[in-house]
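Following: one structure in structure tokens, then a few remarks.
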Amino acid sequence: MNTEFKKRLEELSGMTDRRLEDCMNGVLSGTAGQRKVAEAMEYSLSAGGKRIRPVLTLEFCRVCGGDPEAALPAACALEMIHTFSLIHDDLPCMDDDDMRRGKPSCHIAFGEPTALLAGDALLNLAYETVCGGSLTAGTKLALIAELTKATGVNGMIGGQVIDTAFEGQMDESMLLDMYSMKTGALLKAACKMGCIAAGAGDEKIAAAELYAEKLGLAFQIIDDILDVTGDEKLLGKPIGSDSGNEKETFVSLNGIENSRNTAKTLTDEALSALEAFENTDFLKELTLFLLKREY
Ligand code: GRG
């Protein structure tokens, strides 16, 4: 990994971690009963995710001429919602996975009722967080609208509904639509929210959207490949959970080699979309890092 890139990645994820900790300090001070849910929230938030969504928000804010600090509440809100989705995704009524981010899943560590509530509370805290900070009320409203759209029935939740309702019945086109919603919507929101926080115009926001559409599909296809070829220790979760559930994935429909080629083509298209911005060395490296990632 290029040293400059690694340094910047650590800087941006460190900024996010510190602000997430501050947000959690406000929640951890409740009574014993409340603390159990707060501890479950913190357990999952601090379990070692890659922080890709907040990093995208902070960096898109910077390439649009904004101060990443101003986008930090939005970046943290995205990570809270992402963590919320992972907690719920692991529940027995969803994918029923026992390990996440290298640790027992939230419901294994805290029990199902607390995990369910920890997810709900993270969604709530996400909205409280995005309402804070120094941006104008109008900008915050635009950020909230973006976050809501990405999370809802036409975004991540809708993607999960299709994933569970049509398991075993999807062709490639339906699968890619589902990926765009389930995985792509939040990544798209991350890029667009960075632009919005910087006060960017429609042209830049559209370019960020195009970048994220391509990145989101490549990201999920790589996720599918890692579910077959990955190292469980690096991934922090068991491999084969999708193929074990007999779910269609891009790999089960197209094979590993074709999947790698498609992820590469999508990555190249994402890189082209970055031409609309200046000073994109870090974003380009990040895009390539996500293609080559092993976790
Ligand atoms: C809770 C809002 C909400 C919705 C519930 C369960 C569910 C509906 C949606 C599931 C969404 C989901 C889990 C999508 C998978 C996206 C994905 C590839 C996750 C892995 O992201 P990484 O690699 O994970 O960024 P880390 O751990 O590094 O953060």
Side-chain angles (χ1 to χ4, degrees), residues 1-17 47-60 62-63 75 78-79 82 86 99-102 172 175-176 179-180 182-188 190-191 194 207-243 249-277 279-295:
M1 202 190 285
N2 165 326
T3 341
E4 265 310 291
F5 168 70
K6 187 166 181 262
K7 198 170 139 226
R8 180 79 184 138
L9 187 59
E10 284 170 1
E11 211 176 291
L12 294 175
S13 53
M15 259 171 96
T16 307
D17 288 347
K50 292 185 286 300
R51 308 295 195 226
I52 298 306
R53 294 152 192 81
V55 165
L56 283 167
T57 303
L58 299 175
E59 194 56 19
F60 266 95
R62 191 189 64 79
V63 299
L78 280 155
E79 187 64 21
H82 168 57
L86 299 180
M99 292 293 288
R100 171 69 69 177
R101 293 175 163 173
E172 183 177 315
L175 185 78
L176 290 177
Y179 284 177
S180 290
K182 183 176 149 170
T183 307
L186 211 56
L187 288 165
K188 194 186 281 185
C191 301
E209 188 162 3
L210 178 63
Y211 165 82
E213 254 163 42
K214 305 295 179 183
L215 180 82
L217 289 177
F219 189 84
Q220 184 57 58
I221 292 172
I222 296 295
D223 211 66
D224 292 350
I225 295 174
L226 290 173
D227 189 59
V228 178
T229 64
D231 175 331
E232 295 193 348
K233 277 217 176 74
L234 285 175
L235 280 174
K237 58 179 186 178
I239 63 161
S241 77
D242 289 339
S243 42
T249 69
F250 201 83
V251 170
S252 74
L253 295 181
N254 296 296
I256 299 271
E257 221 30 61
N258 286 335
S259 301
R260 276 198 218 287
N261 290 338
T262 304
K264 166 83 176 67
T265 305
L266 288 161
T267 298
D268 288 341
E269 289 169 353
L271 290 170
S272 298
L274 289 179
E275 299 301 328
F277 303 90
N279 300 320
T280 53
D281 288 356
F282 174 82
L283 279 176
K284 284 181 185 153
E285 285 279 343
L286 180 68
T287 312
L288 291 169
F289 163 76
L290 293 177
L291 175 69
K292 293 180 197 142
R293 73 195 166 99
E294 293 176 1
Y295 59 95

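Reckoned from all heavy atoms, side chains included, excluding hydrogens, waters and symmetry mates.
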### Steps toward side-chain contact (heavy atoms from CB on, under 4.5 Å) verdict (Arg293, Phe219)
CA-CA 9 Å; Arg293 73 195 166 99; Phe219 189 84; 3.7 Å; yes
### Query
Do you know which two heavy atoms are closest between Val63 and Asn279, and how far apart they sit?
CG1-O, 3.4 Å
### Closest non-hydrogen atom pair between Ala190 and Leu78, with its separation
CA-CD1, 3.5 Å
### Euclidean distance, Lys284 NZ relative to Leu288 CG, rounded to 0.5 Å
10.0 Å
## Note on the structure
Heavy-atom closest pair (Leu215 atom, Ala270 atom, distance to 0.1 Å) is N-CB, 4.1 Å
### Task
Using the side-chain contact (heavy atoms from CB on, under 4.5 Å) rule, take Leu56 and Leu286 through it: C-alpha gap first, then chi angles, then the decisive distance, then the call.
CA-CA 9 Å; Leu56 283 167; Leu286 180 68; 3.7 Å; yes
### Task
Supply the atom-to-atom distance Leu253 CG to Ser259 OG, rounded to the nearest 0.5 angstrom.
8.5 Å
#### Entry: Qualifying residues under side-chain contact (heavy atoms from CB on, under 4.5 Å), relative to Ala185, sequence neighbours excluded
Ala150
### Query
Are any side-chain N or O atoms of Asp227 and backbone N or O atoms of Ile239, one a donor and one an acceptor, separated by less than 3.5 Å?
no
### Message
A quick test of your reading: do over 12 heavy atoms of other residues, nucleotides or ligands sit less than 6.0 Å from CD of Glu4?
### Response
no
### Task
Check the pair Glu59 / Arg8 against side-chain contact (heavy atoms from CB on, under 4.5 Å), numbers first and verdict last.
CA-CA 10 Å; Glu59 194 56 19; Arg8 180 79 184 138; 3.2 Å; yes
### Query
Taking side chain as C-beta onward, heavy atoms only, is Asp231 less than 4.5 Å from Glu294?
no
### Task
Report yes if some heavy atom in the side chain of Glu232 is under 4.5 Å from a heavy atom in the side chain of Leu235; otherwise report no.
no
### Query
Where does the angle between the aromatic ring planes of Phe289 and Tyr295 fall among parallel (under 30°), tilted (30 to 60°) and perpendicular (over 60°)?
perpendicular
### Message
Set out, in order, the CA-CA distance, both residues' side-chain angles and the distance that settles side-chain contact (heavy atoms from CB on, under 4.5 Å) for Ile222 and Leu226, then state yes or no.
### Response
CA-CA 6 Å; Ile222 296 295; Leu226 290 173; 4.0 Å; yes
### Task
Nearest 0.5 Å please: distance from the CG atom of Leu274 over to the OG1 atom of Thr287.
5.0 Å
### Query
Who are the salt bridge (charged side-chain N to carboxylate O under 4.0 Å, His left out) partners of Glu10, not counting sequence neighbours?
Lys6
#### Entry: Gap between atom OG of Ser180 and atom CD of Gln220 - 0.5 Å precision
10.0 Å
### Query
For residues 260-270, which residue pairs qualify under side-chain hydrogen bond (donor to acceptor under 3.5 Å, both in side chains), counting only residues two or more places apart or in two chains?
Lys214-Glu269, Lys264-Asp268
### Query
At their closest point, which heavy atom of Leu266 faces which heavy atom of Ile221, and how far apart are they?
CD1-CD1, 3.8 Å
### Task
For Leu187 and Gly216, work out which heavy atoms get closest and say how close.
CD1-CA, 3.7 Å
## Note on the structure
Looking only at heavy atoms, the pair that brings Leu9 and Phe282 closest together is N-CE1, 3.6 Å
### Query
Tell me the ring-ring contact (aromatic ring centres under 6.0 Å, His included) pairs involving residues 250-275, sequence neighbours left out?
none
### Lys NZ or Arg CZ of Arg62 over Phe277 ring: under 6.0 Å, within 45°
no
### Summary
salt bridge (charged side-chain N to carboxylate O under 4.0 Å, His left out) filter on Glu285, not counting sequence neighbours, yields none
### For Arg51, all residues meeting salt bridge (charged side-chain N to carboxylate O under 4.0 Å, His left out), sequence neighbours excluded
Asp17, Glu79
### Reported CG-to-OG1 distance for the pair Leu217 and Thr183, which is rounded to 0.5 angstrom
9.0 Å
### Proximity of Phe60 and Tyr211 rings by center, below 6.0 Å
yes
### Message
Within this structure, what is the NZ-CE distance for the pair Lys237 and Met99, rounded to the nearest 0.5 Å?
### Response
12.0 Å
